[in-house]
A.B. asks: 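Here it is: the structure, laid out below.
Nothing here was measured: the structure is a model prediction, and the numbers come from that model. One-based numbering, in listed order, for ligands and for the atoms of each. Counting begins at 1 with the first residue of the sequence. Reckoned from all heavy atoms, side chains included, excluding hydrogens, waters and symmetry mates.
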Amino acid sequence: MKYVFVTGGVISSLGKGLTAAALGTLLENRGLKVTLQKFDPYLNVDPGTMSPYQHGEVYVLDDGAETDLDLGHYERFTRTKLTRFNNLTSGQVYQTVLDKERRGDYLGKTVQVIPHITDEIQNRIHQIVEQSKADVLITEIGGTTGDIEGLPFLEAIREFALDVGPGNAVFIHMTYVPYIKAAGELKTKPTQQSVAKLREIGITPQILVCRCEYALSKELRQKISLFCNVRYDAVIEEKDVDHSIYEVPLMLQRERLDDLVCQFLHLDTPAANMTHWQEIIRKLVAPQHRVRIGVVGKYIELNDAYKSVYEAIIHGGVANDCGVEIEKVDAEEIEKSGADKVLKGLGGILVPGGFGERGVEGKIMAVQYAREKRIPYLGLCLGMQIATIEFARNVLNMKGAHSTEFAPATPFPVIALLDDQREVANKGGTMRLGAQPCQLRVGSKAAQLYGAFVINERHRHRYEFNNAYREQFEAAGFLLSGTSPDGKLVELIELKDHPFFLASQFHPEFLSKPNAPHPLFRGFIAACHTAIHHRPL
Ligand code: GLN
């Protein structure tokens, strides 16, 4: 087993997760089995309880773990299957150590950050090694070098690398080389200082990946090499990409990042074959068709809040050789200005998952607009619940129909809590989470798209379609096209007399990849670009 550690310096949001994932793509395409792991220095046990404003999207794994969104990049860019062990937070580390202390496992010793916390961090690396049987483990350390919270993680990987010895571990440090407009120059000082900070801790990075807006000149690379004590050819430029994040692996391959990593780790493999990846990029850069899709949410000003949704839409575009322009629509704007004003001309409408009442009425208006104007609609989780509420109110004439999440006293609780959720008091990790099987109805659009009758999809919700209303909905053409295998939970709905109106209680966006677009997104985009409603771009 070989180890790659990715740290970050200067500023956050450098795209460490993307870079780690892109390196994973390259190593996989050299024939290596790769897995990835993220360390997060915050004290929350997992990001499940954090607001999207704090953290962006919560990414859900098959086993129900609520994790950092970088794990989404890992799964989209590689074949690796991740579990709850692939995301470790300080909160988890401390929880484990304190549980052990209470059990008396430390036999009277003083429990300390070094070695007890750091050992626990290293245990997690060993755990992944045993489980994954990969050739290479890429571990990304969240946060920025110099943060107090990150120190135990850095100390742990320093010790770990020492243990496995040179040739088995490599440190990649990501930094930022800012362009100062007034001087007309790229500046290397922040990079120098952040590398110095790492070396203070005892870590000497062998490779520097430099995020920059402009190309690094030869002189600049020489300077960084000299002052940071890295080989000249190990100063890697990672410029902002022109079109898509899926260009990053190709860009890093041109900079020979994967060659270098293999050299440092004594891995003798052929060069990465990226032909299929280049074809994806071709479809992204020069697609045959174009369409504009509206995503109606309440965190639309935040790019990270619906990360997997946006990516899955783009994958659906790739599957149809169709460029997708995503219009981020604020649900509250629809409430203020009306659906027609905000949504007119869109090729398709999507309502993603969400919690809390703000913007709900705007989302209901968006669904009504899509249903009545026969615009393709895809609803995800809350988007399925909204579709149910809209149909109840406007087709079945159930005035005031709602979800009990938003209106506990509604006369028509078409979306409600299941009994086992009513007892739940704790917020963390207590929703219906992770992969669950779903049975599709013969003859449904869903079954046609999936080409299967039993599927497995990831969940993250508490509320459900209320079974008391099943017959009324079905009689009016609201098809319950997917249920849990025991038939008790509604998982997928679709409208019979509509070009494309489909919504799922699960989150299909977590299982879509650029080279394996999800069937629901493929079908949605196909319906959007063949529909006639949208204005040409
Ligand atoms: N708030 C809804 C529920 O808990 C939907 C959740 C979601 O969209 N992820 O059921």
A.B. asks: Assign the ring pair His518 / Tyr450 to parallel, tilted or perpendicular, where the plane angle (0 to 90°) is split at 30° and 60°.
C.D. replies: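 The rings of His518 and Tyr450 stand perpendicular, inter-plane angle above 60°.
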A.B. asks: Name the residues with a heavy atom less than 4.0 Å from ligand 1?
C.D. replies: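 Around ligand 1, where the cutoff is 4.0 Å for heavy atoms, the contacting residues are Gly353, Gly354, Phe355, Cys381, Leu382, Gln385, Glu405, Arg460, His461, Arg462, Tyr463, His507.
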A.B. asks: Using the side-chain contact (heavy atoms from CB on, under 4.5 Å) definition, which of the options Leu27, Leu36, Thr35 pairs with Val136?
C.D. replies: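 Considering Leu27, Leu36, Thr35, a side-chain contact (heavy atoms from CB on, under 4.5 Å) with Val136 is found only for Leu27.
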A.B. asks: For residues Tyr74 and Lys38, determine if any side-chain heavy atom of one lies less than 4.5 Å from a side-chain heavy atom of the other.
C.D. replies: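 Yes; the side chains approach each other to less than 4.5 Å.
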A.B. asks: Which label fits Tyr246 and Trp277: parallel for a plane angle under 30°, tilted from 30 to 60°, or perpendicular past 60°?
C.D. replies: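 Ring orientation of Tyr246 relative to Trp277: perpendicular.
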A.B. asks: In terms of side-chain geometry, is the basic nitrogen of Lys488 or Glu464 positioned less than 4.0 Å from the acidic oxygen of its partner?
C.D. replies: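 Not counted as a salt bridge, because no side-chain N and carboxylate O are separated by less than 4.0 Å.
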A.B. asks: Can you classify the ring geometry of Tyr306 versus Tyr299 as parallel (below 30°), tilted (30 to 60°) or perpendicular (above 60°)?
C.D. replies: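 Tyr306 and Tyr299: tilted rings.
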